[in-house]
Amino acid sequence: MTPATVAIVIATPAGLRHLASPSERAAAGPAEEVLRGLGSAVRGASFWVQCADPAARARLTSYLWGVKAEILAEKAE
């Protein structure tokens with residue numbers, strides 16, 4: 001089994017969600033699903049990305065902020 005190289009913790013109003021993935025790409029989808037599943041409650045969500053590669057960490061963090069903004073924009077319509 002391949003050890004996880006990316007860990008994401010998403011703090012939601014209902015508690016913490018821990019995601020571990022072997023790659024940046026594999027981490028993005030499940031994290032987006034968790035955020036989208038929150039609906040308008042995503043406003044109160046925060047997240048932390050841990051990864052040995054600073055560039056990958058920055059990309060994932062930016063991507064997840066973008067997903068959160070997109071969900072909030074959709075709810076505002």
Side-chain angles (χ1 to χ4, degrees):
M1 182 145 91
T2 305
T5 58
V6 177
I8 300 174
V9 177
I10 301 174
T12 74
L16 298 176
R17 293 290 308 265
H18 298 265
L19 306 169
S21 299
S23 71
E24 179 181 355
R25 181 179 297 270
E32 179 176 349
E33 286 180 36
V34 169
L35 292 176
R36 289 198 181 279
L38 293 172
S40 59
V42 76
R43 182 176 311 281
S46 57
F47 48 84
W48 297 268
V49 178
Q50 292 181 309
C51 179
D53 180 351
R57 183 173 51 246
R59 283 190 300 272
L60 272 170
T61 300
S62 177
Y63 174 73
L64 294 175
W65 276 112
V67 168
K68 182 176 177 176
E70 184 179 301
I71 296 165
L72 291 172
E74 289 169 359
K75 297 298 178 188
E77 294 176 351

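These numbers come from a predicted model, not from an experiment.
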**Prompt:** Minimum heavy-atom separation for Thr5 to Ser23, with atom names?
**Reply:** OG1-N, 3.8 Å

**Asked** What heavy-atom pair brings Ser21 and Ala27 nearest, and what distance separates the two atoms?
**Response** OG-CA, 3.3 Å

**CD/Gln50: more than 12 non-hydrogen atoms of other groups inside 6.0 Å** = no

**Item:** Verdict with reasoning, Lys68 to Leu72, per side-chain contact (heavy atoms from CB on, under 4.5 Å)
**Value:** CA-CA 6 Å; Lys68 182 176 177 176; Leu72 291 172; 4.3 Å; yes

**Request:** Indicate if Tyr63 and Trp48 have the same hydrophobic cluster label, given that clusters are the connected sets of ILVMFWY residues with side-chain heavy-atom separations under 4.5 angstrom.
**Result:** no

**Which atom of Ala52 lies closest to which atom of Pro54, heavy atoms considered** = O-CD, 3.2 Å

Donor-acceptor pairs are to be reported for all side-chain atoms of residues 34-47 against protein atoms at under 3.5 Å, with residues two or more places apart or in another chain.
residue	atom	partner	partner atom	Å
Arg36	NE	Glu32	OE2	2.8
Arg36	NH2	Glu32	OE2	3.3
Arg36	NH2	Glu70	OE2	2.4

**Prompt:** Can you tell me if Thr61 uses its side chain to pair, donor with acceptor, with the backbone of Arg57 under 3.5 Å?
**Reply:** yes

**Distance, nearest 0.5 Å, that separates CD1 of Ile8 from CD of Glu24** = 9.5 Å

**Item:** hydrophobic_cluster_shared for Trp65 and Ile10, side chain cutoff 4.5 Å
**Value:** yes

**Prompt:** What pair of heavy atoms forms the shortest contact from Ala31 to Leu19, and how long is it?
**Reply:** CA-CD1, 3.5 Å

